[in-house]
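Okay, so here's the structure we're looking at.
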Amino acid sequence: MLPRVTELQFEAPTDEEEVQEAPQPLVSFLFDFKKGDFVKDDGKLIRITGKEALKQWIEKTIRTERYRYRIYLDDQGNEVEEYGTTIEDLIGTNYPRSFVEAELEREITESLTNHYAINNIQNWRFERDDSTGAMISFEVVTDDEVFEQEVTL
């Protein structure tokens, strides 16, 4: 016989116990940033996991301007989640290059290290090409590995 729901007892965690949420698995669907659309195979979205999903999350986070899209805001216009970056105002400005690069590093690192899988961002490189725009590359440090990420803005 099954117990009645009213008979079940749950113990609330004490102040001394730490409640931890299980990390969400790294799963997404492949997105082509050049075309601006999801990649499909026989009409079905292509599922990606692990490092490939994390790399895509990183690029999407960098390309998403924080506070611009209502999907990341509640009904009162308050930010629901720390998602995206505020780097749009730095790109194509007349600020000194050293200032822009330092601010890009700070803002992107702050945004990306909000992800549970990312411990640090290091070894930054910046390149500017008038035909393709700005290219940023860096290393992403996770618990399991260090890998290189490159994003063209």
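The residues of the chain are indexed from 1 along the displayed sequence.
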Gln122/Val141 under side-chain contact (heavy atoms from CB on, under 4.5 Å): CA gap, chis, key distance, verdict: CA-CA 8 Å; Gln122 63 189 22; Val141 180; 3.6 Å; yes

For side-chain contact (heavy atoms from CB on, under 4.5 Å), just list the numbers for His115 and Leu26, CA-CA rounded to whole Å, side-chain angles, deciding distance to a tenth of an Å, and then say yes or no. CA-CA 11 Å; His115 194 285; Leu26 297 171; 3.4 Å; yes

Decide side-chain contact (heavy atoms from CB on, under 4.5 Å) for Thr64 and Thr85; before the verdict, give the C-alpha distance in whole Å, the side-chain angles of both, and the deciding distance to 0.1 Å. CA-CA 6 Å; Thr64 301; Thr85 58; over 6 Å; no

Starting from the C-alpha separation in whole Å, work towards a yes-or-no answer on side-chain contact (heavy atoms from CB on, under 4.5 Å) for Leu104 and Phe126. CA-CA 10 Å; Leu104 287 170; Phe126 299 91; 3.8 Å; yes

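For the pair Glu59 and Lys55, the salt-bridge criterion is not met [side-chain N within less than 4.0 Å of a carboxylate O].
No path of Ile, Leu, Val, Met, Phe, Trp and Tyr side chains, each step under 4.5 Å between heavy atoms, connects Ile48 with Ile118, placing them in separate hydrophobic clusters. No chain of hydrophobic side-chain contacts below 4.5 Å, direct or via other Ile, Leu, Val, Met, Phe, Trp or Tyr residues, connects Val39 to Trp57.
Listed by chain and residue number, Arg68 satisfy the salt bridge (Lys or Arg N to Asp or Glu O under 4.0 Å) test with Glu88 (two or more places apart in sequence, or in another chain).
At most 12 non-hydrogen atoms from other residues, nucleotides or ligands lie less than 6.0 angstrom from CZ of Arg47.
Side-chain atoms of Phe147 and Lys51, non-hydrogen and from C-beta on, do get closer than 4.5 Å to each other. A heavy-atom distance below 4.5 Å is not found between the side chains of Phe138 and Glu150. A heavy-atom distance below 4.5 Å is found between the side chains of Glu52 and Leu30. Between Ile58 and Val140, the closest side-chain pair of non-hydrogen atoms falls below 4.5 Å. For the pair Phe33 and Val151, the minimum side-chain heavy-atom distance is 4.5 Å or more.
Here Arg63 contributes atom CZ and Leu153 contributes atom CG; the two are 6.5 Å apart, rounded to the nearest 0.5 Å. Distance check, rounded to the nearest 0.5 Å: CG of Asn119 to CG of Leu112 gives 12.5 Å. Atom CD of Gln149 is separated from atom OG of Ser137 by 9.5 Å, given to the nearest 0.5 angstrom. Put simply, CD1 on Ile62 and CD1 on Ile87 are 6.5 Å apart, with the number rounded to the nearest 0.5 Å. A distance of 11.5 Å separates CG of Leu54 from OG1 of Thr49, quoted to the nearest 0.5 Å. With values rounded to the nearest 0.5 angstrom, Glu139 atom CD is found 6.5 Å from Arg125 atom CZ.
A donor-acceptor contact shorter than 3.5 Å links the side chain of Asp32 to the backbone of Lys35.
The ring of Phe29 has its center no closer than 6.0 angstrom to the ring center of Phe31.
Ring planes of Tyr95 and Phe99: perpendicular class, angle over 60° (limits at 30 and 60°).
A donor-acceptor contact closer than 3.5 angstrom links the side chains of Gln56 and Ser28. For the 3.5 Å distance criterion, the side chains of Thr86 and Glu65 fail to qualify, holding no donor opposite an acceptor.
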